[in-house]
Amino acid sequence: MIKERLKDLVERAFEQARFDKKMGELTECPEPVVIEQPKLPEHGDFACGIALKLARHARSSPIQIANILAEYINQTPETMNGSITKVEVANPGFINFRLGTTWLTDVIKEIHIRKEDFGRDTVGGDKKVLIEYVSANPTGNLHIGHGRGAVLGSCLSNLFAFAGYKVEQEFYVNDAGAQIASLGNCAFACYQRKLGKDVEYPSDGYPEESLIEYVDQVIEQYGSQFLSLTGDEAAVTVGNATKKIIQEHQEKLLERLGIKFDRWFSESSLHAQNKVDEAMQILTDNNFTYEADGALWLKAKELGDERDRVLKKSTGDYTYLANDAAYHLDKFNRGYDLMINIWGADHHGQVPGLKAVVKALGFDSEKLQVLLTQIVNLNRDGKAVRMSKRRGTVVMLDEVMDEVGVDAVRYFLAESNPNNPINFDLELAKKQKRENPSFYIQYAHARCSSILRKAVEPSIDRESGEERPAPLTAEMFEQFKQEYGSSDSDPNLFLAVFDEDPDKFIHQKNLIMRLQALPEEVRDAAVNWQPGRLSHYAYELANTLQKFYEESQVIIPDNLPVMKARLGLVMATRQVLANALKIIGVSAPDRM
RNA sequence: GCGCCUGUAGCUCAGCGGAUAGAGCACCCGCCUUCUAAGCGGAUUGUCGAAGGUUCAAAUCCUUCCAGGCGCGCCA
């Protein structure tokens with residue numbers, strides 16, 4: 001990483017200056033050295049603002065400190081040998097670096113060496129992370145809001161894995177309790193009605209239309225054998241069969257979205273093993289419960305919540321919080337370093353309760369973090385379609401996937417900041433144009449692939465109609481590919497990508513500068529839990545590639561060194577686009 | 001009333017302690033005999049919701065206020 005090399009350079013300069021007593025009373029660098037990329041080209045390729053931060057500590061002016069550091073930097077081998085061509089001090093005290101071309105071409109080589117691992121990081125330190133997401137009730141189809149949580153969880157998992165965490169992905173299935181009982185009643189009623197019995201459909205349950213497709217499958221699988229059942233047994237049996245089918249639907253749909261969970265954790269399994277009772281016992285043993293009004297309460301208020309919470313109702317039933325206590329007891333006992341739950345923002349009111357119960361169980365609640373996702377608004381034909389279960393205008397995830405495609409769904413749900421509501425424009429997501437970023441990035445990848453194909457394909461001369469031979473034989477290209485990532489190939493191989501013409505050079509350089517940024521983008525995204533940054537990065541890279549493409553011919557049969565170097569650059573670009581796309585789970589097509 | 005989230009270009013949003021606040025859309029003007037014009041370039045656009053404060057430096061951090069969304073059950 002270029003930034004790390006520069007950081008190292010500045011740190012060494014500081015140490016030497018300090019050794020020579022030119023840093024006042026300072027015994028060590030009191031501020032982290034940060035290398036940034038200036039917005040303006042006249043500020044150089046990279047810049048360091050450390051002098052501004054040191055001014056107070058060293059009781060000196062930023063400019064003066066910057067000048068001293070620059071003086072030492074100028075004596076290092078990197079500036080002596082031309083890796084850095086210019087070190088400049090600028091007001092109010094920035095040190096600006098201008099790079100020579102060798103550090104840039106090193107980047108291309110590194111990408112060829114590391115390939116799909118370019119950008120991979122170790123910040124995670126092999127820590128074990130559990131990410132629990134979607135966790136929808138198995139009582140119906142998933143809607144677009146579930147999709148948002150699904151994509152965020154999936155991207156975060158990919159990102160964390162790439163950043164050096166050990167990630168597990170889990171779906172918590174709420175397959176017990178009141179809503180399941182209601183499902184059973186509705187499903188059985190629907191079942192009977194489908195099979196010709198004139199019974200009334202429950203008025204307060206799930207809408208019959210939302211259940212009918214699943215009940216059809218129950219009939220397909222089991223026939224009419226459940227008609228003879230009555231009462232609770234009927235509801236439970238048909239309910240379970242329906243539940244199973246719904247869960248399979250959810251599983252398939254999420255798989256289509258590119259999501260595969262390591263574990264589907266069933267709530268009813270907790271009940272079957274008396275895990276909820278166990279959890280309650282621990283809470284009571286730890287003296288965090290009391291009884292009042294015939295109910296069992298958690299002393300949540302003294303654990304940071306705004307009020308106490310009921311664990312066991314006066315009816316004898318457990319609340320969701322009691323079940324969650326048992327579930328999270330299980331999670332904590334599995335020994336993760338970090339557990340992330342992804343919830344819809346409408347559930348944020350439960351966060352303090354869950355945190356409180358975790359504390360009461362005797363665990364470090366900091367290890368459990370809840371990430372909230374805001375609402376998804378859909379625009380169709382310029383009009384906002386608002387999600388509302390009541391009004392039955394919920395837009396289903398599979399509908400959107402069918403309409404705009406899996407890649408666009410993933411891109412638009414991944415790209416946003418979870419704290420902000422999304423305005424998902426269905427028309428935009430379908431467009432095969434630059435204005436659709438999802439398309440634009442894939443197009444850039446396909447364009448790279450296309451150029452690489454052209455290198456070994458014969459072409460037709462437009463004027464004469466004659467066939468021209470392929471610029472390279474397959475064998476030669478293979479040979480090139482070997483050299484690109486080989487440690488003993490010509491170190492100046494990639495210098496040929498550059499043009500003398502500054503108008504062309506700038507785009508060639510910009511492309512490489514973008515490429516080299518992937519590792520830090522991955523790291524920033526990982527430490528901030530914002531996989532969406534990679535979407536923006538990929539978009540910018542795509543844009544930079546297009547500009548390069550406009551200015552720089554790659555396939556030049558009569559200039560082998562330049563063609564060789566640029567093919568290597570295009571390959572590297574394709575690789576980096578693919579690596580970024582992989583994290584957000586969008587496919588990287590070779591043709592469009 | 002209390003809590004959480006959000007207020008940045010006409011629209012959708014990046015940026016979240018650094019040098020003249022950025023993209024895309026929309027609008028206007030250019031560019032196809034050349035590896036995908038499914039593209040590229042140029043022009044225009046701002047009291048960064050408001051007021052105080054901290055800092056050499058604030059869209060970014062703190063406080064207060066204003067506006068919008070969501071949540072405040074022995075529902076999940």
Side-chain angles (χ1 to χ4, degrees), chain A residues 34 36 38-40 42-43 47-49 51-53 55-56 61-62 90-94 96 135 137 139 174 177-180 292-297 305-307 309-324 344-352 372-375 377 379 415-425 428 431-437 439-440 442-444 446-455 457 459 461-463 471 503 507 528 532-533 535-536 539-540 543 545-557 563 566-567 570 591-592:
Chain A
V34 177
E36 53 196 86
K39 277 166 268 183
L40 272 64
E42 53 268 39
H43 293 143
C48 182
L52 295 161
K53 295 201 163 64
R56 184 178 18 177
S61 81
N91 276 323
F94 287 100
N96 297 331
S135 298
N137 295 340
T139 55
N174 285 110
Q179 74 278 15
I180 290 296
D293 307 326
L296 181 70
W297 293 73
D305 203 349
E306 60 185 10
R307 59 154 207 283
R309 308 258 173 187
V310 173
L311 292 162
K312 194 174 197 174
K313 303 180 219 172
S314 51
T315 60
D317 295 326
Y318 285 121
T319 61
Y320 75 91
L321 183 60
N323 298 328
D324 264 5
D346 52 342
H347 289 102
H348 81 256
Q350 325 172 11
V351 176
L372 302 167
T373 61
Q374 293 290 335
I375 200 169
N377 298 308
N379 298 318
E415 170 238 26
S416 65
N417 181 330
N419 286 334
N420 293 333
I422 294 180
N423 291 306
F424 194 117
D425 189 327
L428 175 65
K431 276 188 185 153
Q432 301 285 90
K433 287 232 173 189
R434 147 135 227 201
E435 55 202 89
N436 175 359
F439 163 80
Y440 185 70
Q442 292 185 308
Y443 181 68
R447 177 165 264 175
C448 291
S449 295
S450 167
I451 294 170
L452 297 172
R453 270 197 305 275
K454 282 280 191 297
E457 274 176 7
S459 56
D461 190 289
R462 289 200 187 183
E463 278 176 26
D503 290 337
H507 293 111
N528 292 298
R533 288 185 180 214
S535 312
H536 293 116
Y539 182 75
E540 281 166 12
N543 184 236
L545 172 79
Q546 301 289 20
K547 290 174 184 177
F548 166 84
Y549 173 89
E550 289 294 319
E551 299 286 344
S552 309
Q553 190 74 16
V554 176
I555 306 294
I556 323 169
M563 179 161 70
R566 289 189 182 160
L567 282 171
V570 169
R591 303 171 190 272
M592 300 188 80

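Remember, it's a predicted structure, so these values are computed and weren't measured experimentally. In what follows, chains are A, B, ... by sequence order, proteins preceding strands, each numbered from 1.
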Q.
In dot-bracket form, 5' to 3', how is RNA chain B paired? Count Watson-Crick and G-U wobble pairs only if both distances fall under 3.5 Å, and write | where the partner sits on another strand.
A. (((((((..((((....[...))))..((((.......))))......(((((..]....))))))))))))....
Q: Using atom CZ of Phe548(A) as one end and atom P of G39(B) as the other, report the distance to the nearest whole Å.
A: 19 Å
Q. In whole Å, what separates the C1' atom of U63(B) from that of U44(B)?
A. 38 Å
(Q) So, OP1 or OP2 of C13(B): does either fall under 4.0 Å of a side-chain N or O from Asn420(A)? (A) no
Q. Can a donor-acceptor pair under 3.5 Å be found between the side-chain atoms of Asn96(A) and the base atoms of A19(B)?
A. yes
Q: Report yes or no: is there a donor-acceptor pair, N or O only, under 3.5 Å between the side chain of Thr319(A) and the base of C74(B)?
A: no
Q) Are OP1 or OP2 of A37(B) and a side-chain N or O of Tyr549(A) less than 4.0 angstrom apart? A) yes
**Q.** Partner residues of Tyr539(A) under the side-chain hydrogen bond (donor to acceptor under 3.5 Å, both in side chains) criterion, sequence neighbours left out
**A.** Arg434(A)
Q: Mind checking ring-ring contact (aromatic ring centres under 6.0 Å, His included) for Phe94(A) and listing every partner two or more places apart, or none if nothing turns up?
A: none
Q | P atoms of G24(B) and U45(B), separation to the nearest Å | A | 16 Å
(Q) At less than 3.5 Å, do the side-chain atoms of His347(A) and the base atoms of G71(B) form a donor-acceptor pair? (A) no
**Q.** Residue-phosphate contact under 4.0 Å: Ser450(A) side-chain N/O, U36(B) OP1/OP2
**A.** yes
**Q.** Residues in side-chain contact (heavy atoms from CB on, under 4.5 Å) contact with Lys547(A), at least two apart in sequence or another chain
**A.** His507(A), Asn543(A)
Q | Among A19(B), A38(B), C40(B), the nucleotide that comes nearest once only the side chain of Gln432(A) is considered | A | A38(B)
Q | Gap between atoms CG and C1', on Asn423(A) and U6(B) respectively (whole Å) | A | 12 Å
Q: Using side-chain contact (heavy atoms from CB on, under 4.5 Å) as the criterion, list what pairs up with Lys312(A), not counting sequence neighbours.
A: Leu296(A), Tyr318(A)
Q) Taking only residues two or more places apart in sequence, or in another chain, which ones meet Ala51(A) in a side-chain contact (heavy atoms from CB on, under 4.5 Å)? A) Ile65(A), Ala66(A)
Q.
Test of understanding: with salt bridge (Lys or Arg N to Asp or Glu O under 4.0 Å), list the residues that count as partners of Lys431(A), not counting sequence neighbours.
A. Glu435(A)
Q | Rounded distance in Å between the P positions of C62(B) and G18(B) | A | 15 Å
(Q) Please determine whether a side-chain nitrogen or oxygen atom of Tyr440(A) lies at a distance below 4.0 Å from atom OP1 or OP2 of C40(B). (A) yes
Contacts under 3.5 Å, N or O only, protein and nucleotides 15-18 of chain B:
residue, atom, partner, partner atom, Å
G18(B), N7, Lys53(A), NZ, 3.0

Q: With sequence neighbours excluded, tell me which residues meet side-chain contact (heavy atoms from CB on, under 4.5 Å) with Ser552(A).
A: Gln508(A), Phe548(A), Arg566(A)
